[in-house]
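Residue indices begin at 1 and follow the sequence shown.
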Amino acid sequence: MARFALSVGQQATLAAICDTILPRLGALQEEEALSKSQKLPQRSQAELEHLKAYYASCGSDLAVPTAVEAALAAHVPADVQREISLLLIAMSSGLGMLLLSGVAVPFGEMTAEQRARCLQGLQSSVLSQKRKAFLSLKSIIGLKAFGSDASNINPQNHGRRENSMWAALGYEGPASAEEVAGRGREEFVFPMLNATISKDTCLTVDVVVVGSGCGGSVVAAELAQAGRRVLVLEKGRYLQRKEMTSQEGDAFDQMYERGGLVTTDDTGVGVLAGATFGGGSTINWACSLRTPDPVKEEWASQHGLKAFEDGTFDASLDAVCSRLSVKKEGVTHNENNKVLIDGCKKLGYEIDVAPQNMADVGPFPGGGFISCGDRYGNKQSTPETYLKDAATAPVAAKFADRCQVETVLHQGGAAKGIRARIVGADGVTEHILTVTAPTVVVSCGSLNSPALLLRSRLPDPYRQIGKNLRLHPVTGIVGIMPKEVNLWRGAPMTAVSNECAAGRGDNYGAKLECPIAHPGIFSSIVPWKDGAAFKEVMLDYRRTAAIIVLTRDKGSGEVTIDRTGMARLSYKLADHDRQSLLEGAEKALRILEAAGAEKIGVGQLNEPVLLPPLSEAKARAARLEKLIEEVRHIGFPLYKVPLFSAHQMGTCRMGTDPRNSVVKPTCETWACSGLYVVDASTFPTSSGANPMITTLGIAHMAAQRLKKLSSTSSSRL
């Protein structure tokens, strides 16, 4: 297959788009902006120099066009590449631009004002495909512009050590390797089997576990400690702490599924999932919520899964919470969480501490960067806990990274092993790895577990594999506060409000939580009116508080595979869940106003809304009600308001009837004995809470049964 590459003309058009989303300000614009900044208190000369560089920098200065092209080549499916290529071809011609914008001038030859109007037209178009084009381009351009340290690239930085694009925002970025060295907890270094592979290889083990996240890690540890010979295969790369930079851009490229660029094909929901050693536990936010009681009751009563109400599952939850050192006593809240707590208390809304799987829940270094890999080892992710347990068991588990499992081998209704492509000892060459094992545990997550089962051509007479995709769709609301919030500092999600979690009495509502938002992701959720306004909005970053509305979705989507075997997602937001998002958004707006926000930004509008001061209570209340009315009226048009998902569930649903489920209550598939699926894809419905602890609990419960099964094969490894 030919590698994706843009032509010279397409590259020029892409550069023009990047420089319109993030432009170099003209002399008059820059002078006006700097004049306003100089009137602000506490602006040192160094800060003003960074501001000058910030205003003078454009996307091309930061090598954004090159980074965008590289990301498209590395992470985006071929059909999406073709769509973007065709869009750039159209925007490179007068005829194409006539059809897109009504102006018969190639985009790159337009004036700056014409370019801005063109992008505004795409953004506000009645045609969803035009809105899709704008939203996709704006999101990836912002991520590449603000997600990495550009100090050595940007000519406007003038040799300064600090990255002016960050310094102007007040963002100091992650600590240097020298600052981190010697400050973390003791690290266990995992040996990888790749170092021994230089040709196509066959191995035999008792259990092969595909995936090293919350599901696979627990099974690997429990079975290795029970004397089984276990091999864990991870398609992502194993990074030692010294190999992590904690830069947002590096983390997305190295540790997230498809570089953080996964979206639902039909609705553009941004889907974030781990793709590294430790899976999602390595890059999640440490929020350790147990499965809500109403959810357990629903799974037991409506899906026939009695273990969720007879104490079996609760015992497993206790076990995994103990192993991960989950605690809520003594948790320190950062300023962003304090805004959520303050607003909820003023309104009388429910608010509680979110338990954390941290060894130290007090102030600790690097807490705000755990979504980019924890270089201190404080977060008790699976590499710090269950994978380490597996590696240090009397019969030590073995591990391989950069190992893409292509198919599960099965015959006569029984699992026989797997076949994979693995990067060998030279770090480049791929070899075929065939593993024979009587027990195969698929723990690839809710996107890739069904994809693997579909590639393996398992019998699926009721077409259940990949169905029931739940996403916990999220919308974000931001408030510009009177003082600095610095929402990237400190542990991110330490408070949670269940004020609207009950929904309309069906327990399908929404939670309100605080996210991590480093500058790249932040740029994707803030409004874009034009390039100059976008730069001004970004300068409010240090004073921004953010609340996410996390919806327990009743509706569902589907995971299928394309011709290459890659997982593809479809998901339409159900009306019920749309209303839950709106209810949550209203609560979030009221919380930010009550906490003292000066301005509020929502995805429905192209610029933040200025609220009257607190001293003008009547006018302030009226403007808030008008804003709520506007948000409810606009709602969530397709490709207009960014929606995200960090929780994917349900695509290999657990149940008691093969007509509406993929796995049995034991997590063994209906289609194939000895083949188990153990991850969040087994959830019967969405969990209504951050799914890490639920996934770990299901894995622990499944492992107890697996331990009781006698080994049926000798092992050689």
With no hydrogens and no angle check, do the side chains of D679 and S449 hold a donor and an acceptor under 3.5 Å apart?
yes
Begin with the C-alpha distance, continue with both residues' side-chain angles, and end with the deciding distance and a verdict on side-chain contact (heavy atoms from CB on, under 4.5 Å) for Y376 and F364.
CA-CA 9 Å; Y376 297 88; F364 58 89; over 6 Å; no
Could you tell me which residues satisfy side-chain contact (heavy atoms from CB on, under 4.5 Å) with K235, sequence neighbours excluded, listed by chain and number?
E257, A275, Q404, N448
What's the verdict on salt bridge (charged side-chain N to carboxylate O under 4.0 Å, His left out) for R455 and E406, showing C-alpha distance, side-chain angles and the deciding distance?
CA-CA 7 Å; R455 290 197 302 269; E406 295 183 327; over 6 Å; no
d(T560 OG1, L569 CG) to nearest 0.5 Å is 8.0 Å
side-chain contact (heavy atoms from CB on, under 4.5 Å) between V271 and Y571, worked out
CA-CA 11 Å; V271 176; Y571 182 93; over 6 Å; no
Given 3.5 Å as the limit, does a donor-acceptor pair link the side chain of T564 with the main chain of D562, or not?
no
Should we say atom CZ of R323 is surrounded by more than 12 heavy atoms from elsewhere, each under 6.0 Å from it?
yes
Specify the closest pair of heavy atoms between T695 and G215, including all atoms of both residues, with the distance to one decimal.
CG2-N, 3.9 Å
Has the side chain of R241 got a donor or acceptor atom that lies under 3.5 Å from a matching backbone atom of G184?
no
Between K416 and A414 (side chain of the first, backbone of the second, donor and acceptor by atom type, cut-off under 3.5 Å), is there such a pair?
no
Report yes or no: does Q254 contribute a side-chain atom to a donor-acceptor pair with the main-chain N or O of A251 at less than 3.5 Å?
no
Please examine the side chains of L453 and V677, heavy atoms only from C-beta on, and report whether any two atoms are closer than 4.5 Å.
yes
Kindly indicate whether the side chain of I521, heavy atoms from C-beta on, has any atom under 4.5 Å from the side chain of E248.
yes
Between A420 and C403 the two heavy atoms that sit nearest each other are CB-SG, 3.7 Å
Over all heavy atoms of both residues, which pair between A286 and M358 is shortest? Give the atoms and the distance, please.
CB-CE, 3.7 Å
A703 and L223: which non-hydrogen atoms are nearest, and at how many Å?
O-CD2, 4.1 Å
Locate the shortest heavy-atom distance separating A73 from R3; write the atom from each residue and the value.
CB-NH2, 3.8 Å
Candidate pair S446 and Q648, rule side chain to side chain donor-acceptor pair (under 3.5 Å), full reasoning
CA-CA 6 Å; S446 294; Q648 301 88 47; over 6 Å; no
Evaluation steps, side-chain contact (heavy atoms from CB on, under 4.5 Å), between V209 and L231
CA-CA 6 Å; V209 179; L231 174 60; over 6 Å; no
Would you sort out whether S661 and R653 count as a side chain to side chain donor-acceptor pair (under 3.5 Å), showing the intermediate values?
CA-CA 5 Å; S661 60; R653 175 159 47 183; over 6 Å; no
Could you go through D253 and K144, starting from their C-alpha distance and side-chain angles, then the distance that decides it, and tell me whether this counts as salt bridge (charged side-chain N to carboxylate O under 4.0 Å, His left out)?
CA-CA 10 Å; D253 284 337; K144 297 304 176 183; 3.3 Å; yes
Is there a donor-acceptor contact under 3.5 Å linking the side chains of K707 and Q704?
yes
For E187 and G377, indicate whether the former's side chain and the latter's backbone hold a donor-acceptor pair under 3.5 Å.
no
Under 6.0 Å from the CG atom of N152, do we count more than 12 heavy atoms belonging to anything else shown?
no
If you round to the nearest 0.5 Å, how far is CD1 of I516 from CD1 of I370?
5.0 Å
Steps toward side-chain contact (heavy atoms from CB on, under 4.5 Å) verdict (F308, M654):
CA-CA 12 Å; F308 289 99; M654 182 189 298; 4.0 Å; yes
Given H518, which partner from the list F369, F146, F252 fulfils the ring-ring contact (aromatic ring centres under 6.0 Å, His included) test?
F369
Any Lys/Arg nitrogen of D318 or R290 sitting under 4.0 Å from an Asp/Glu carboxylate oxygen of the other?
yes
Donor-acceptor under 3.5 Å (N357 side chain, Q380 main chain)
yes
Given side chains that start at C-beta, do those of M192 and F277 come closer than 4.5 Å, heavy atoms only?
yes
Counting distance only, does the side-chain N/O of Q11 pair as donor-acceptor with the main-chain N or O of P65 below 3.5 Å?
no
Over 12 foreign heavy atoms within 6.0 Å of NZ, K664:
yes
Is there a donor-acceptor contact under 3.5 Å linking the side chains of W670 and Q464?
no
Not counting sequence neighbours, which residues clear side chain to side chain donor-acceptor pair (under 3.5 Å) with Y676? List them please.
R705
Less than 4.5 Å apart, any side-chain heavy atom of V219 and any of Y386?
no
Whether the T245 and D250 side chains hold a donor-acceptor pair (N or O, under 3.5 Å, no angle test) is what I'd like checked.
yes
With rounding to the nearest 0.5 Å, note down the distance linking OG in S687 to CD1 in I693.
11.0 Å
For residues S281 and T382, is any side-chain donor paired with an opposing acceptor at under 3.5 Å?
yes
Between R419 and T407, is there a side-chain donor-acceptor contact under 3.5 Å, judged purely by atom types and distance?
no
Does the T276 side chain pair with the main chain of R237, one donor and one acceptor, at a distance under 3.5 Å?
yes
As a quick check of understanding, evaluate ring-ring contact (aromatic ring centres under 6.0 Å, His included) for Y238 and F399, giving each step before the final call.
CA-CA 10 Å; Y238 166 52; F399 303 88; 8.7 Å; no
Using a 3.5 Å distance criterion without hydrogens, assess whether the side chain of T201 forms a donor-acceptor pair with backbone atoms of K199.
yes
Presence of salt bridge, D79 and R568, under 4.0 angstrom
yes
With rounding to the nearest 0.5 angstrom, report the CE to OG distance, M255 to S371.
9.5 Å
Rounded to the nearest 0.5 angstrom, the CG-OG1 distance for L387 and T385 is 7.0 Å
Take R229 and D206 through the salt bridge (charged side-chain N to carboxylate O under 4.0 Å, His left out) test and state the conclusion after the steps.
CA-CA 5 Å; R229 296 187 184 273; D206 294 328; 5.3 Å; no
CA sep, side-chain torsions, deciding dist, call: E384, S381, side chain to side chain donor-acceptor pair (under 3.5 Å):
CA-CA 5 Å; E384 301 294 333; S381 59; 5.0 Å; no
Backbone of H647 reached by a side-chain donor or acceptor of S645 within 3.5 Å:
yes
At their closest point, which heavy atom of E668 faces which heavy atom of S673, and how far apart are they?
OE2-CA, 3.2 Å
To the nearest 0.5 angstrom, please state how far the CD1 atom of I698 sits from the CG atom of L305.
9.0 Å
Compare all side-chain heavy atoms of L458 with those of H410 and state whether any distance is below 4.5 angstrom.
yes
Taking the side chain as everything from C-beta on, heavy atoms only, tell me whether N468 gets closer than 4.5 Å to T651.
no
